Every structure is written in C-alpha cells, then in structure tokens.
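Structure first, commentary second.
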Amino acid sequence: MIEENYREVEAKVREAAVRSGRAPEDVTLIAVSKTKPLSDIEALIRIGVREFGENKPQELKEKYDQVSTPVHFHQIGHLQTNKVKYVIDRAVLIHSVDSVHLAEQIQKEAEKRGITAEVLIEVNAAEEDTKFGVTLDAAPGLVEEIAKFPNVHINGLMTIAPFVDDPEENRPVFRAMQQLLLDIKSKKIDNVDMNVLSMGMTNDYEVAIEEGATMVRVGTAIFGERNVK
Ligand SMILES: *Cc1c(COP(=O)(O)O)cnc(C)c1O
C-alpha cells in the first residue's frame with residue numbers, strides 16, 4: 001500500500017518535472033515519515049527509497065539510529081537550539097534554519113565534531129502568524145549573516161506554503177520563492193549555494209515543481225493520515 005502510494009507520487013513528481021522542462025532526477029522526493037513507525041520506513045527502504053523527512057529532532061535521532069540500512073534523514077520541522085545536538089551529525093540537510101541564533105548553535109555543534117552542516121533557510125513566504133521562517137524581505141540579509149559561519153553551508157531555501165483548498169492559490173507563493181532564490185544567487189555570496197528549493201507537500205507538490213521546486217516533502221499521500229500521538 002505505502003509502496004504503491006510512493007510509486008504513484010514518484011510518477012507525478014516525474015511528470016511535473018518534465019512539464020516544467022526539467023529532468024526528473026532534478027527533483028528529489030522526500031518521504032515525510034513523521035509519526036509513522038519504523039516498519040513503514042523499512043517497507044520503503046526495501047523498494048529503494050533513501051530520502052526521509054522528520055520534523056521532531058528526537059524522532060529523527062531514534063529512527064536514524066534504528067534503521068536497517070543507512071538512509072538520508074532530512075530535518076524539516078522547526079529546530080530549537082537545545083535540540084541541534086540530536087540532528088547535527090544525523091540529518092543530511094536541515095531545512096528549517098530561520099535565525100542567526102540557531103545558525104550559531106549549529107556552527108558550535110558542527111565545529112565540535114569537525115563537520116560542515118548543510119542547511120536551508122526557511123522562509124515564511126506568505127507571512128502567516130502561525131509559521132516559522134524569515135520574511136521574503138529579510139531573507140537575503142539573513143543569508144549574508146549566516147554565510148559567515150564557516151561550518152554552516154547554505155544550500156538554498158525552504159518554505160511551507162499555506163494550507164489551501166486549491167493548490168493553484170499557492171502558485172504565486174512558489175513563484176516568489178523561485179525569484180528570491182535567483183535574487184540571492186545573483187549576489188554570489190561566499191559559502192552560499194542557491195541550488196535547492198524545498199517546497200511542496202501532499203496538497204501542492206505538483207504546482208511547486210512547476211514553479212521550480214527541487215525537493216518536495218510528501219507525507220500524507222505516501223503514508224496516509226498521520227498517527228496523532
Ligand atoms: C508534515 C510536513 C510535511 C508533509 O506534509 P503532508 O501534507 O502530509 O505531505 C512537509 N513539510 C513539513 C515541514 C512538514 O512538517
């Protein structure tokens with residue numbers, strides 16, 4: 001069931017990539033396994049899936065430590081400074097960096113271990129009160145500040161678009177993100193790459209890809225409704 005769901009989403013991801021004039025392999029599908037048991041992850045590992053997303057640092061740590069095969073885990077949810085230690089050498093990419101304060105803690109923990117942390121800057125593109133992330137206007141300044149940390153490498157941007165009935169409503173949000181990515185890229189800031197655009201979830205990943213997403217984070221369409229704890 002989960003395997004079939006994954007295959008279906010994967011096919012739609014490929015079609016959307018081709019529709020937008022890109023190669024299917026330019027878009028990475030992240031299976032968002034938050035709240036789901038390890039057995040669900042193992043089922044997908046058996047069919048070759050290697051990219052998983054978690055929003056709680058401790059849950060990412062537990063699953064990372066228990067999984068049968070080394071796979072990539074993405075920290076996609078809000079990260080508090082005191083939880084950086086759980087994900088710093090486990091998450092392949094931290095999608096949710098939205099302050100200098102958090103980046104400073106990531107710098108400390110990365111330096112301690114002699115590694116470079118790969119991160120994205122989270123942008124609250126629709127400026128919703130309920131969401132984390134920096135505003136579109138403040139994003140370039142934040143990127144420049146965080147670029148100064150030698151053990152923190154910015155790879156691009158992430159956003160969580162509003163929950164809407166019609167995914168078309170989010171097209172302008174995704175378009176603004178793509179434009180922001182290009183604007184920051186053109187500044188050619190040292191220690192900054194703008195190659196990753198993480199946007200699009202179950203309801204709107206196809207529109208997100210059409211507007212330039214290089215990573216989509218899909219949970220419900222693959223695993224079914226979340227298990228509430
Ligand atoms: C839960 C979550 C997702 C996946 O949401 P679905 O609508 O279930 O696909 C994507 N990104 C983040 C940051 C999330 O927390």
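Computed from a predicted structure; not experimentally measured. All values below come from the heavy atoms of this structure, side chains included, with hydrogens, waters and symmetry mates left out. Atoms within a ligand are numbered from 1 in the order they appear, just like the ligands themselves.
- Checking Glu62 against Gln66 by side-chain atom types alone, no donor-acceptor pair falls below 3.5 Å.
- Listed by first then second residue, pairs satisfying ring pair (Phe, Tyr, Trp, His ring centres under 6.0 Å) with a partner in residues 164-208 number zero, not counting sequence neighbours.
- The shortest distance between side-chain heavy atoms of Asn124 and Phe132 does not fall below 4.5 Å.
- Residue Ile160 is found in a hydrophobic cluster whose other members, listed by chain and number, are Ile30, Val92, Leu93, Leu120, Met158, Val196, Met201, Met215; membership requires side-chain heavy atoms under 4.5 Å apart, directly or through intermediates.
- Grouped with Leu182 in a hydrophobic cluster is no other residue, since no side-chain heavy-atom contact under 4.5 Å to another Ile, Leu, Val, Met, Phe, Trp or Tyr is found.
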Please give the N or O to N or O pairs under 3.5 Å between ligand 1 and the protein, distances rounded to 0.1 Å.
unit_1	atom_1	unit_2	atom_2	d
ligand 1	8 (O)	Thr220	N	2.8
ligand 1	8 (O)	Thr220	OG1	2.5
ligand 1	8 (O)	Arg226	NH1	2.6
ligand 1	8 (O)	Arg226	NH2	3.4
ligand 1	9 (O)	Thr202	N	3.0
ligand 1	9 (O)	Thr202	OG1	2.5
ligand 1	9 (O)	Gly219	N	2.8
ligand 1	11 (N)	Arg217	NE	2.8
ligand 1	15 (O)	Lys34	NZ	2.6

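- Taking the six-membered ring for Trp and thresholds of 30 and 60 degrees, His95 and His74 have ring planes more than 60 degrees apart, a perpendicular arrangement.
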